[in-house]
S.K.: 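Right, I'll just put the structure down here and ask away after.
Letters go in sequence order (proteins before strands), and every chain restarts at 1. Quick caveat: nothing in here was measured; it's all calculated off a predicted structure.
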2 protein chains.
Amino acid sequence: MSAKQPLLIIERIARILQLFNFEKHEWGITEIAQKTGLSKSVTYRLLHSMEEYGFIKQNNATKKYGLGMRFFELGQIVKANMDLRTVAKEVMTELSRKCNQTVILCIIDHLQQVCIEKVDGLSIIRIASEVGARIHLHAGASAKLLLAYLPPEERERCYREFGLPRFTKKTITDREQLETELSRIREQGYALSVEERDINLAALAAPVFDYRGEVVASLTLIGPKWDFGPGQARVYIKEIRAAAGEISERLGYKREK
Amino acid sequence: MSAKQPLLIIERIARILQLFNFEKHEWGITEIAQKTGLSKSVTYRLLHSMEEYGFIKQNNATKKYGLGMRFFELGQIVKANMDLRTVAKEVMTELSRKCNQTVILCIIDHLQQVCIEKVDGLSIIRIASEVGARIHLHAGASAKLLLAYLPPEERERCYREFGLPRFTKKTITDREQLETELSRIREQGYALSVEERDINLAALAAPVFDYRGEVVASLTLIGPKWDFGPGQARVYIKEIRAAAGEISERLGYKREK
DNA sequence: AACATCGTTCCGCTGAGCGGAACAAAGATG
DNA sequence: CATCTTTGTTCCGCTCAGCGGAACGATGTT
C-alpha cells in the first residue's frame, strides 16, 4: 500500500516546510539548515527555487524566508473541496448501499437538529425525516449524539428553552438519566436509539469532526427496529464509525494528537 | 536578483500543482502526465512522494489524485500572517520613518471610517486622530478614498444616513462635487485633502487591496499642511502608494490579471 | 475473448544537483 | 576604526538519485 521510498528532495521540502507554524513563520537560511540537518547550499537552492514559484517569500528587509501566497491559494482550493455536504454525500451513498438503510447528516442550528443531507436506502420502507427538518435535541440517536458533544452550558440552555417533551414510551425525559446516557455516548463514540421518536424505528449515529477537532455534524443510519438487533447492530456500528471517520478525515481531522 | 535556474524538480512540482483549481480538483496520473508533458513514471513518483507527506491525497475509489490537507494547513498559517494590522504595522513604521509624518490605517465599518492602526511621526506635532476613532466618510483623504471604492448603492446609503456635514471651509458638502472628486480619486489611485476636517492639517491616502482585489483599508499620511506643498507631495504620493502596494502584495494582491 | 486504458513497477545509464569551501555584506565587538 | 562573527550567496567537479522507456497487472469496454 505505502510507497517504497519517497523522493529525497520531497522529504527535504517537507522537512523545511514543517518548520513554519503559527508561532514562528520566518526563518533564516542558517537556522533552517541547522534545524533540518540539510547543508546550507541545498537549503538555499531549495528555498530560492520555491520562491520562483511563489511557494516561499523572502523578506527583503530581514532576508528571512516565509511561506508564500501559493500555499494560501492552494489552501483555498482544498478548503473549497472540504465542504461538509459535498464530502459527506459520497461517503453516505457508499454507506447506504453497504447497509441498505437510510443515511442522514445532521447539524445543530439554534439548539435544534437540522437534517442537511439524506440518502435513502434501497428498501421499500422510507423514512419520513426530510432535509431541512428541525427537531429537538434530546430524542433520537442523531440528536442525542449532537447534544452529547455540546458544552454543558449549551446543554443547560437547551433543557431550559425546550424542556424534554415525550414522543414515545421510550423517550428519555429525565435530566439525570439523559446526562448519563450522553456521557456514555461520548465514551463509546456513537449513539443508539430505539423507538425514542417514532414507533418501530431505530438509529445509530456517529460524530463527524472538522480539522479543529470539533464535532460539526452527526452521521446517522436509520431503519426499522427489527434490522437493529445486537448482531446486526455491531456490524452497523463498525460501518457508521468508519464512514464518519472517513468524512472527518476528508475535512482535515487528525485522530492522533 | 532573481535566481539562475530553479531546480528542475521544483518546476515540475509547480507544473503539476498548477493543474488543480476550483473547477477541477482531481486528476489521474495519465492526465497529469499529458498536461504537464512529464513522463508517467516521473509523475507517479512525484505524486506518491508528495502523498507520503500529506501534500497530495489519492482517492481510493477513483485512484485519482487531489490536493492534500497539508496545503490547507500551510494555507492557514499564511492566512494568519496575512492579518491586515500585523502586516501593515511594519510597512507603516518604515513609511513613517521615511517621511517623518504620522501614518494611519483605516477601514470601513457600518459606513463609517475606523482607524485601526497608527504610527506617530518623530515630529513634535502629534495628530489627534486615535485608534478606534470613528468619523464620517466624506471629508479627509482617508475617508474619501474609502468612500471612492465603495459601490454606488453603499455611497448612496451613506449620503442618506449621514448627510455631508461641514467641518471646515474646505469640506466638500455638495453631492455632485464630491462624486466628481471620488471618480478622480479612483482614476489617480490616491486621495489628497487639505484642511477638509481640521485647520492646518493635510493628508494623502492610498488604497490597500486584499487577495481578491477588494479595497480593505486605506493607508494615510497625515501632517501639517505646510509639509504638503506640490514638490513634497509628489514624493509623498510615490512613497504612500509604494507602501500601500507592499501591504496589498503581502495580503496576496496580484496587480496584473 | 480481445482490446483499450488505467495505475504501478522495474532497472541500467547519466546529468542534475550535492556539498565543502570560498565569498560578500552586514552587524557586533574591543 | 580595525577585527571578528555571522549572515546570505555562489562556485564547481564528482557521484549517485532519479529519469524514462518498456513491461506489468488490474479494470472496464467492445
S.K.: Which nucleotide in the set dA16(C), dG19(C), dT8(C) lies at the smallest distance from any side-chain heavy atom of L8(B)?
M.R.: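 Nearest listed nucleotide: dA16(C).
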S.K.: Y53(B): which residues meet the ring-ring contact (aromatic ring centres under 6.0 Å, His included) condition with it, sequence neighbours left out?
M.R.: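 Result, ring-ring contact (aromatic ring centres under 6.0 Å, His included) vs Y53(B): none returned.
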S.K.: Please give, in whole Å, the distance from dA17(D) C1' to L46(B) CG?
M.R.: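 Going from L46(B) (CG) to dA17(D) (C1'), I get 13 Å.
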S.K.: Through what angle, rounded to 10 degrees, does the axis of the helix from dA1(C)-dT30(D) to dA28(C)-dT3(D) turn between its ends, using five pairs per end?
M.R.: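 Roughly 40° between the end axes, to the nearest 10°.
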S.K.: Give the table of side-chain donor-acceptor pairs shorter than 3.5 Å for residues 22-29 of chain B, with sequence neighbours excluded, one pair per line with atom names and distance.
M.R.:
residue	atom	partner	partner atom	Å
K24(B)	NZ	E26(B)	O	3.4
K24(B)	NZ	E31(B)	OE2	3.1
H25(B)	ND1	N81(A)	ND2	3.4
E26(B)	OE2	N59(B)	ND2	3.3
W27(B)	NE1	L19(B)	O	3.4

S.K.: Excluding sequence neighbours, so at least two apart, what forms ring-ring contact (aromatic ring centres under 6.0 Å, His included) with Y190(A)?
M.R.: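 Y190(A): no ring-ring contact (aromatic ring centres under 6.0 Å, His included) contacts found.
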S.K.: Not counting sequence neighbours, which residues clear salt bridge (charged side-chain N to carboxylate O under 4.0 Å, His left out) with K225(B)? List them please.
M.R.: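 With sequence neighbours excluded, K225(B) shows a salt bridge (charged side-chain N to carboxylate O under 4.0 Å, His left out) to E195(B), given in chain and number order.
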S.K.: Nearest of dT7(D), dG19(C), dG17(C) to any side-chain atom of I9(B)?
M.R.: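 Comparing dT7(D), dG19(C), dG17(C) against the side chain of I9(B), the answer is dG17(C).
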S.K.: Which residue pairs pass the ring pair (Phe, Tyr, Trp, His ring centres under 6.0 Å) test when at least one of the two sits in residues 71-100 of chain A, sequence neighbours left out?
M.R.: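 For residues 71-100 of chain A: F55(A)-F71(A), F71(A)-F71(B), F72(A)-Y211(B).
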S.K.: Report the residues that fulfil salt bridge (charged side-chain N to carboxylate O under 4.0 Å, His left out) with R15(B), sequence neighbours left out, ordered by chain and then residue number.
M.R.: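 So R15(B) forms a salt bridge (charged side-chain N to carboxylate O under 4.0 Å, His left out) with E11(B).
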S.K.: Mark up nucleotides 21-30 of chain D, 5' to 3', with B wherever a protein heavy atom is under 4.0 angstrom from a base atom, S wherever such an atom reaches only the sugar-phosphate, and - elsewhere.
M.R.: B---------
S.K.: Check ring-ring contact (aromatic ring centres under 6.0 Å, His included) between Y149(A) and all other residues, then give those that pass, not counting sequence neighbours.
M.R.: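 For Y149(A) there are no ring-ring contact (aromatic ring centres under 6.0 Å, His included) partners, ignoring immediate neighbours.
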